Amino acid sequence: MDFLKKYRNVLGVAAILGVTLAVIYAAAVRERVEPEFMHYAEFVAAAEAGYVTEATLGGGAMIFFTIYGENGEENFTTNNPRREDFKEFLLLNGISVTESGGSDMNFLQIGFTIALVAGILLFVQRKNSAVRAAGGLSPVTVSAGEGEKLCGFEHVAGNLEAKESVQDIVDYLREPEKFTRYGARMPRGILFHGKPGTGKTLMARAMAGEAGVPFYAVSGSDFVQMYVGVGAARVRDLFKKARESGSGVIFIDEIDALGKKRSDGINGNDEREQTLNALLTEMQGFSEGSGIVVVAATNRPDTLDEALLRPGRFDRRVEIGLPDVNARKQILKLHAKGKPLAEVNLEKLAHDTVFFSGAMLEGLLNDAAINAARRGGDEISNDDVTAAYYTALAGSQKKDYSHIRRKEREITAWHEAGHALASVLANPENRVAKVTIIPSTSGAGGFCVNIPPERMYYTKRELREQIMVALAGRCSEEIRFGADFVTTGASNDIEKATTTAMQYVTKFGMGTTVADRALLKDDDKIAAESGELVNELYEKTRELLAENYPKLESLADELLEKEIVDGDRVIEIIKQSARQARSGHRGHVSAATRSLEAGCRLLSNEGPLTPTRDKP
């Protein structure tokens, strides 16, 4: 019965089409009497004698004709000769010719086509009706009902502050009377904001899992429709479903697609604004004891409409930031469960993965597992993890780079040696992990992995050091090959250096004025001051590398020979050069040499950071 009810429209259309085709076919069969067969030679003789009055030609194997004889008109059929002049022969003998398109199968073909088109139209009409009934949307994802826990806080490593910020919401969903007797109400909305991959969706799912309530997940883009009013209808449908369950967590991912700041009425988006108004109205309409909380996530909270962020809507804003070293260690341990890891130092990996998000860490271990499966190993080795790490940073290494000329390899070696040496000399707190001249699939001819320490802030000096390290590759090329033979390989480095210099002058107020010049719109002064800063630091970097030319040359030669040099070997080469420089100058130790030694001590943990080099 359910089947008949569900498909009654389809069955009705099919029955009507079937009856219609049957009637048409029966009528056609009744009108036609099966004619008698006549040999073709007899037909030609009768035609030439003038007995044939009319003939019907078609594409089939037979032709139909009528003879007027003693018994009146009689129908016959004969073979179709398929001659080009056959029709002309008939006309010359005074025979009326009619051309036909086919046989009885035409009725079936036409009927089948009609039925197919009608079925498709009916299916589309029913689909559109269902979509309109649901507000123009695909079904809402619902998971983790009461008594069922698919995800909890134990699945969220790190983010301790964020967990504490939402723990009271979970407690309220579990025991609302605990809060209501104090006159407290649950926040109607929570806004998670932070960089991509930091775990905003996971945190919202864990909230619902901990509270044991349904989790309704949608994306902000699902509400943005072509027709005005459709998005607003879906908002109402979503909240209606949540109210039916009594309590739950409504999660709207990428809410900036829906809740951007509204315009002043000129060139506005009526559909987007109507949808936003519907969301604001539904959130305002919650009763204090409804047990429903709306959680939204965005990477750009600054673009959201102010009405969304006011108290009574999204009462609480929680930042889900990048994990620190301890959180990264916990995340790695969590994702390492179930994976046959060999002797992999997760603590060292946590220190090396600065600026990695939780999603990137999970992807790193997953890529390591894929590497192990590809080579058929019993366990995930440290080499598998290392390969996955450098692939995440710079892309996979190319397998065949034999087409690269010796000259280009030499340029790459000097370029990367410049980055490595400048990092040790100008920015000794950073750790050089690896230098290579093997090209990668990301388009880089080589790269130098420079790992910074955990920092809350950057000083003015550290920003200048960053710019110097970025410019060191171009400086090294100029020192070795001359100003007329520098290459385009430093384009990305120059872009990074310029961006940092612009922020140095504008956002951080470290230029000639403390005021944010980007807000003051001093574009010409910004460009001039940023350019002067880059040029100044370029000259300092070039002087620094020129003073340490033997060390630069040693690093470049090592890269040309081995193609990959790890951080320990970089320090060893620089130490050797430092000892040679000391023995060669005995009585005089330059500022550059003292700086070099200080950087080596720091990176090898041989002594405290007491550099005496010139300030950049």
Side-chain angles (χ1 to χ4, degrees), residues 1-134 136 138 225-227 230:
M1 292 298 294
D2 292 339
F3 177 83
L4 295 176
K5 184 177 180 180
K6 184 176 181 180
Y7 295 101
R8 61 181 182 273
N9 292 338
V10 177
L11 294 175
V13 172
I16 293 172
L17 287 174
V19 171
T20 303
L21 291 174
V23 171
I24 294 174
Y25 183 73
V29 170
R30 282 198 307 270
E31 291 178 358
R32 175 171 294 165
V33 179
E34 190 65 27
E36 183 181 350
F37 179 78
M38 179 182 291
H39 290 289
Y40 181 72
E42 296 177 0
F43 163 74
V44 173
E48 292 177 344
Y51 293 115
V52 180
T53 57
E54 59 181 271
T56 301
L57 302 180
M62 310 298 288
I63 61 174
F64 300 91
F65 60 92
T66 303
I67 292 181
Y68 185 80
E70 297 177 354
N71 300 324
E73 293 185 350
E74 296 180 88
N75 295 323
F76 293 89
T77 182
T78 188
N79 299 101
N80 188 350
R82 291 190 176 91
R83 288 169 22 206
E84 293 184 359
D85 60 345
F86 183 63
K87 183 176 180 179
E88 182 181 4
F89 165 75
L90 298 177
L91 294 174
L92 291 176
N93 285 280
I95 300 172
S96 175
V97 179
T98 303
E99 294 190 14
S100 174
S103 62
D104 297 335
M105 290 301 296
N106 292 109
F107 292 104
L108 297 177
Q109 294 171 357
I110 294 172
F112 177 77
T113 303
I114 293 173
L116 180 62
V117 172
I120 293 174
L121 293 176
L122 181 62
F123 174 79
V124 173
Q125 187 270 336
R126 287 177 60 84
K127 191 74 174 177
N128 289 340
S129 298
V131 170
R132 286 194 297 270
S138 57
Q225 302 292 322
M226 180 182 299
Y227 303 104
V230 176

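Computed from heavy atoms alone, side chains included, the values below leave out hydrogens, waters and symmetry copies. Owing to the predicted nature of the structure, the values given are computational and were not obtained by experimental measurement.
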**OP:** Please identify each residue that fulfils side chain to side chain contact (heavy atoms under 4.5 Å, CB included) with Leu91, with sequence neighbours left out.
**Re:**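 So Leu91 forms a side chain to side chain contact (heavy atoms under 4.5 Å, CB included) with Lys87, Val97.
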**OP:** Taking side chain to side chain contact (heavy atoms under 4.5 Å, CB included) as the test, write out the residues that go with Ser96, two or more places apart.
**Re:** Glu54
**OP:** Measure from the side-chain N and O atoms of Thr77 to the backbone N and O of Ile63, and report whether any donor-acceptor pair falls under 3.5 Å.
**Re:**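 Pair found, side chain donor or acceptor close to backbone of Ile63.
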Original post:
Parallel, tilted or perpendicular for Tyr40 and Phe43, by the 30°/60° rule?
Top reply: tilted
Original post:
Taking atom OG1 of Thr53 and atom CD1 of Ile67, what is their separation to the nearest 0.5 Å?
Top reply: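 Reported to 0.5 Å precision, the distance equals 8.5 Å.
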Original post:
Once you round to the nearest 0.5 Å, how far does CD of Glu42 lie from CZ of Phe76?
Top reply: 9.5 Å
Original post:
With Thr78, which residues qualify under side chain to side chain donor-acceptor pair (under 3.5 Å), at least two apart?
Top reply: none
Subject >> Heavy atoms from other residues, nucleotides or ligands near CD of Glu88 exceed 12 (cutoff 6.0 Å) >> reply: no
**OP:** Just do the side chain to side chain contact (heavy atoms under 4.5 Å, CB included) check on Leu90 and Leu57 with the steps written out, would you?
**Re:** CA-CA 11 Å; Leu90 298 177; Leu57 302 180; 4.1 Å; yes
**OP:** Determine the minimum heavy-atom distance between Ala55 and Ile95, stating which atoms define it.
**Re:**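 Where Ala55 meets Ile95 most closely, the heavy atoms are N-CG2, 3.8 Å.
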